[in-house]
Each structure stands twice: as structure tokens, then as C-alpha cells.
Amino acid sequence: MDTVLSGIRSTGNLHLGNYFGAVKNFVRMQHENRCFFFVADYHSLTTHPKPENLQNNIRTVLSEYLAAGLDPEVATLYVQSDVPEIPELYLLLNMNAYVGELERTTTFKEKIRKQPENINAGLLTYPVLMCADIIIHNADKVPVGKDQEQNLEMARKFARRFNHMYGVEYFTMPEPYNFGQELIKVPGLDGTGKMGKSEGNGIYLADEPKVIRKKVMRAVTDEGPKVPNSPMTEPVANLFYLLELLSTPDVVEHFRAQYNGCTIRYGDLKKQLAEDMISFTSPIRDRILEIYNDDEYLRKVVRMGAEKARESASKTVRDVREILGYRSF
Ligand code: TRP
């Protein structure tokens, strides 16, 4: 059984791309692996969020992942800042991470460009904290997007270096995991590419019906087919893809036939797509709100998560201290 671990940025709301992509795989994987999912709320301090926003973001992220199907009884779902063993391991690992290699990290260089007024040391050592997150549970597989591959590469480097420096084979090398065939890439509504937060082309699980209708009606299309059975342009193919994901086969067939017969009106397709999206997201959205407002449930979830995470983390920190030469008198 593999140990799978993923850190969740505390500022990202879930859109349909996340839902059908990573989250669906998390939900599936939690039954087949030893899974750790956590809200990376220490990492988010690197951008200096307002305290009330930090708190709300953590609550939102937890509510959305729980509503999307993560089961806190099955997986270990926790908040990073509830596990003091993580910052302890981070401190220890910092001694073997070199400033030069940290400065060369792409994500750090990007941050320097994005927030030149706030180049704090936490940004520089971000990969070390991420390494601590991962190796504290000896994770084998870490599902990450392209933008996090270098950070994961550094986590492997620090883990390998630790083993080498102390002549141990303590840490396993965490491998990136991209779900292979199972990963569905959901297109956005802007004609090209996939749904993403930074692209601003997404439908969010928490979007209200009127927001969904507005976004879908504005989706990019083309001038319509001129001859029967024309190949589809990318924007139209994307809408059909979404329809296939969210509507019934007969609805898809209906619009496909209209497209092939050149009688399609994209407005009708969009109306149908919007309503089917709403039917799909509404129950999830209700559940998000319900969980968000349920202090007692959330408290129970994070307590249980912290307890399970600390059990695994404290063993690692105890061993690492021992390896480093900290012994009790
Ligand atoms: N850096 C990741 C992101 O921005 C979040 C994260 C923090 C993470 N710690 C992690 C991801 C550990 C995987 C493993 O998305």
C-alpha cells in the first residue's frame, strides 16, 4: 500500500476542472492507499494574508474538499499548522538546504517578480517546508501539477541528502504522481486550454446558479458549421466535451445531430449546459455551505486529522532527532 500525500493551497476554490481532475482521483485513492491531505496554511503565510482571510480560507478549503467526497474517517485530512512536528522537521532540514539552490528555484524567482516588496525568508525556504510536509509521513506518491514538479524534485534532493549525510536509509524518495490515464482534463469556457484559476475561465463548485448561467452564456463559440459534418473548432469541441461530462447521452446526441445538420444554435446548447451544470453543482454547493457553517463537525474533522497526522509525524521527528544526535539524558 502506497502512502499518498497532497498539500492543498488554502487560497484555491475548487472549480469543475479540479473536481473532475485531482479531487475525483483523491476520492478514489483514499480507499486504496494510505492518504494524507492537508491544508498548507503555513505556506500561505508567505504572502501575508489578513488573519480573518486566513481563517476563512482554511474553512472554505476544508468544506469544499469534504463536500467533494474526501472522507476524514478514511483519509487523514488535517491542517498543517495543527501539526507542530512539521515546523520542527522544517527547522532541522533547513540546516542542510543551501541558499544557492533555494535562490535558483523557479517558484522563488517567480515570487520575486510577483511580490518584490515582500521577498521574505519563508519564500526562500518554501521548498524545505514542502519537503518536511512530504517526508514527515514518508510519502511515496505526491500528486502535483507541473508547477510543483521542481519543488518535489527538491524534496527528493533534501531527503536523499539527509540519508547520505547521516549514512541512513531513513527517508523514501517521494515520486510525483499524475494519475496517468485517470486524469481528466476539463476545458475552460474561453475557447482554448484547460479550466484553471489563473485563466479565469472556470465554473466553481460554489458558484451560484445565476453566476453559472452568466459564465456559460458568455462562453466562446464560433460562427457555426457551414457544411454538414464539419470538424469542430476548439471552442465548440470544448463545449461538447463539457456537455458529455455533465449531461445525459441523449442530450449530447441531440446537439451533435444538430451540429452535423448545421441547424445548431449555440445559445440553446449553452442554456442546456448551464442547467445541467447547475443540477450537478447545486447539491455539492449546498453541502459546502452546510459544512462551512457546522463548527462542531469541522472541529471534529480537524481534531481527528491532527491526531492521526501527529501520530505518524511524531515518530518521524523522534527518529530524525535521534539520527542527528539529539539524545535525552
Ligand atoms: N506548494 C503546493 C501548491 O502550491 C502546496 C503544497 C504544500 C504541497 N506542501 C505540499 C503539495 C506538499 C504537495 C506536497 O500547490
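We're numbering straight along the sequence, starting at 1. As the structure lists them, so they are numbered: ligands from 1, and atoms in each ligand from 1.
- For D2 (side chain) and V4 (main-chain N/O), no donor-acceptor pair under 3.5 Å exists by modelled atom type.
- When side chains are defined from C-beta on, P127 counts as touching T105, because their heavy atoms get closer than 4.5 Å.
- Residues K271 and M217 form a side-chain contact, since some pair of their non-hydrogen atoms from C-beta on lies under 4.5 Å apart.
- For the pair R59 and Y292, the cation-pi test (distance below 6.0 Å, angle within 45°) is passed.
- Ring centroids of Y177 and F179 are separated by less than 6.0 Å, placing the two rings close together.
- Ring-centre distance between F255 and F240: not below the 6.0 Å cut-off.
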At less than 3.5 Å, what protein N or O atoms come close to the N or O atoms of ligand 1? Include the distances to 0.1 Å.
from	atom 1	to	atom 2	distance (Å)
ligand 1	1 (N)	Y126	OH	2.7
ligand 1	1 (N)	Q148	OE1	2.9
ligand 1	4 (O)	R9	NE	2.8
ligand 1	4 (O)	R9	NH2	3.3
ligand 1	4 (O)	Y126	OH	3.3
ligand 1	4 (O)	Q148	NE2	3.3
ligand 1	9 (N)	D133	OD2	2.7
ligand 1	15 (O)	R9	NE	2.9
ligand 1	15 (O)	R9	NH2	3.0

